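Here the structure is laid out as structure tokens; the discussion comes afterwards.
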There are 2 protein chains.
Amino acid sequence: MGLILGEDYLRLIVPELPELLLKRYRLLRRIYYAAPAGRRSLAAYFKLGEKVLRRELDTLRDQGLIHVEQRGISLTPAGEALVLGITPYLKLLLGLDAMEKELLKLLKVKRVSVVPGDLEKDEMVLLEMGRAGAKILRECLKPEMVLAVSGGRSCAAVADMLSDLPAPPGITVVPARGGLGEEVDYQANNIAARVARKLKASYRLLHLPDSLSQEALEMLLQEEKIASILELINSASVLLHGIGTAVDMARRRGAGEEEIRMLEAKGAVGEVFGFFFNGRGEIVDYIPSLGLYLEDMNNRVDNVIVIAGGSAKAEAIIAVVGNHPRDHLVLDEGAARKIMALAGIDAQALSV
Amino acid sequence: MGLILGEDYLRLIVPELPELLLKRYRLLRRIYYAAPAGRRSLAAYFKLGEKVLRRELDTLRDQGLIHVEQRGISLTPAGEALVLGITPYLKLLLGLDAMEKELLKLLKVKRVSVVPGDLEKDEMVLLEMGRAGAKILRECLKPEMVLAVSGGRSCAAVADMLSDLPAPPGITVVPARGGLGEEVDYQANNIAARVARKLKASYRLLHLPDSLSQEALEMLLQEEKIASILELINSASVLLHGIGTAVDMARRRGAGEEEIRMLEAKGAVGEVFGFFFNGRGEIVDYIPSLGLYLEDMNNRVDNVIVIAGGSAKAEAIIAVVGNHPRDHLVLDEGAARKIMALAGIDAQALSV
DNA sequence: CCCTACTGGGACTTTTTTTGACCCATTAAA
DNA sequence: TTTAATGGGTCAAAAAAAGTCCCAGTAGGG
């Protein structure tokens, strides 16, 4: 309470503080993830003049936060501790804490974690989201459970940011759904394997060809191997998935303009591993495949960790995660602010 | 703990924050005490260019902290709340909190309160010290007690800053010592009366001519009235006094160069209502008068509130307040830093 | 009653700082 | 060995800040 009071005073009397703080924080964050980072590449990344950046680097160096060497810039232990530890404080200062509370009320989920920054402006935010998601994921893990993961960049970030401390024993990681052809790094199978490796858990994959007909899928269901994996998938008690915007996802699957117009007519805004949702959270279309039976998932999965960022995904997030008290939602500041705006809530704090 | 952590991070990543914060805070504080304050008079006070000040005022106005009108600048309710409420937070940010702890260990007193700012650079600090002293004073008051106060600017500030909420009943305010001719506003008698008025308490004064001989004082002791007041003074359980530097005080009492050389030879550095202390806290001289018997005061007075500011008084403060576990010490940042420096402790945080 | 000496706001010029664009020696990789 | 990075430094242009002055209005003193 005293802390929040202090923050409010601080923002009142030094209104340029969030800007200053974020500028440097983003710089440090970038260095953390891209070390050893060169001055020129940093300048290019932030679209800053070289001199401007240099001045920032000078102050950071004076503060003992970065190490400037010939081979590049890296964080000192102090800088690393800062990047890793300042997040909750930053959230407080930026009012993200209050925003999380608002979103919690609005979306009626179990937990909301808003990561500082805008994914569309700084891709490091994705890694931060991965870090936040990984933290929540670890908290949800219990021995002998099945964890289902979907594809996508966000889930890949979670996999990347998971520490490789071992998880509780007996965990099995499976893809939430098979064969939804994406770039290999972002495929559910691939991510499931990566997550399993980090957790030192076992995994089972579901390799299916893309774009199968309904009949072909039903035939595959007869296969012993596939049926057993499907059973495993549907016994998952934790699900980690990202969210796509409907049109974008359809297009990435190679849908024609006609199909997209159909989707739009149905009101599809969000997509989760092949299922398309309208604004009211109803499934209006899906890509034929095998995997989680989404319809009765509510009864079986204990924790769903949803991770999505970028203001473009605001509508999709609202559509997908509304009213699921088992959901943990990880998103970025950009998406969070957009959601607030869509809901007509004024988020006074400024976005930098 | 989390708060302090946050502060440390904040200072690391935005090292210019204390400067920014203090600049504005001092401005607000000045406006608070001098409202309605004019732009030009503010600029003159802070020795700032008019434009510089104007820009600060603009941002403060944008933040809704000040009210800029033709008759002058004043604080909005928000600004007032900030000036009154930000102090503990400011102390944390400036590291005054840590400094208080250090001084507590160093001086072995009951409590230390360091007021942000340097009295020698900004006289508003005196009023802040008064506010801090007044707060402590009120905490020490109990019904039917006698409160003794000394003279001096610092004690006058306490009197000024006392709210006029009534105090516990039956309190009597007396001067700690009679007739130590100063400017009337800073005389102990005067301050005792002002304090009493604020506390809605009764008071008894001890009017004595200046510079009486020892014999004359002994004669006065025979006087019923004077004797009764002396008894009252020596039954005081709370004592509020300031500290003077020895030489300065002697000079103000009109001492000749010869006398001052004598004082210096005796090692006198500090002065408290007519008693001169050397660096080891021993009384090495005094101005003849009547009042508190300082020698056995330790046994009778429960709480001594010592208030002094300005780096010039550092030595005097050390001399006077060392090793008195009943003492509450109120001082300014300037004096505090000087004391730390004298003690060889590095106060890393910067003074602005 | 007026007059004066303030006030805040605005405009203009000078000074300082900031910014962008180079160049250079060094170094790590190719 | 070559190449393409790096960090560090310099210098001129541009932008921002600061100092100065002036103006209209108002409050307080005479």
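Convention: sequence-line order gives letters A, B, ...; per-chain numbering from 1. It should be emphasised that the depicted structure is a prediction, and the values quoted were computed from it without experimental measurement.
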- [ ] Identify the two heavy atoms, one from B:Ala159 and one from B:Ile191, that lie closest to each other, and give their separation to 0.1 Å.
- [x]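 Residues B:Ala159 and B:Ile191, closest heavy atoms: CB-CG2, 4.3 Å.
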Students often get this wrong, so: under 4.0 angstrom with heavy atoms, is [X] touching a base, only sugar-phosphate, or nothing?
{"X": "B:Glu50", "answer": "base"}
{"X": "A:Ala43", "answer": "nothing"}
{"X": "B:Arg54", "answer": "base"}

Measure from the side chain of [X], starting at C-beta and using heavy atoms only, and say which of [options] lies closest.
{"X": "B:Gln70", "options": "C:dT7, D:dT26, C:dT19", "result": "D:dT26"}
{"X": "B:Val68", "options": "D:dG8, D:dG19, C:dG8", "result": "C:dG8"}
{"X": "B:Ser41", "options": "C:dT19, C:dG9, C:dT7", "result": "C:dT7"}
{"X": "B:Arg55", "options": "D:dA18, C:dT19, C:dG9", "result": "D:dA18"}

Rounded to the Å, how far apart are [X] [atom1] and [N] [atom2]?
{"X": "A:Arg40", "N": "C:dA28", "atom1": "CZ", "atom2": "C1'", "answer": "15 Å"}
{"X": "A:Glu56", "N": "C:dT17", "atom1": "CD", "atom2": "P", "answer": "17 Å"}
{"X": "B:Leu57", "N": "D:dA18", "atom1": "CG", "atom2": "P", "answer": "13 Å"}
{"X": "B:Ile66", "N": "C:dG9", "atom1": "CD1", "atom2": "C1'", "answer": "14 Å"}
{"X": "B:Leu53", "N": "D:dT20", "atom1": "CG", "atom2": "C1'", "answer": "15 Å"}
{"X": "A:Glu69", "N": "C:dT27", "atom1": "CD", "atom2": "P", "answer": "13 Å"}
{"X": "B:Lys51", "N": "C:dC12", "atom1": "NZ", "atom2": "C1'", "answer": "9 Å"}
{"X": "B:Phe46", "N": "D:dA18", "atom1": "CZ", "atom2": "P", "answer": "16 Å"}

Open item on the list: On DNA chain C, does the nearest nucleotide to B:Ile73 precede the nearest nucleotide to A:Arg71 from the 5' side, or the other way round? Give the residue.
Closed with: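 Its nucleotide being nearer the 5' end, the pick is B:Ile73.
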Open item on the list: Can you confirm if the NZ or CZ of B:Arg30 lies within 45° of the ring axis of B:Tyr45 and under 6.0 Å from the centre of its six-membered ring?
Closed with: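 Yes, a cation-pi geometry holds between B:Arg30 and B:Tyr45.
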Task: Exceeds 12 heavy-atom contacts within 6.0 angstrom, atom CZ of A:Arg24 - done: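 For A:Arg24, atom CZ is crowded (more than 12 foreign heavy atoms under 6.0 Å).
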Open item on the list: Has A:Glu333 got a side-chain atom pairing as donor or acceptor with A:Gly117's backbone, closer than 3.5 angstrom?
Closed with: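 Side chain of A:Glu333 to backbone of A:Gly117, a donor-acceptor pair under 3.5 Å: yes, one is there.
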Open item on the list: Is a donor from one side chain sitting under 3.5 angstrom from an acceptor on the other, for A:Asn189 and A:Tyr203?
Closed with: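 Short answer, no.
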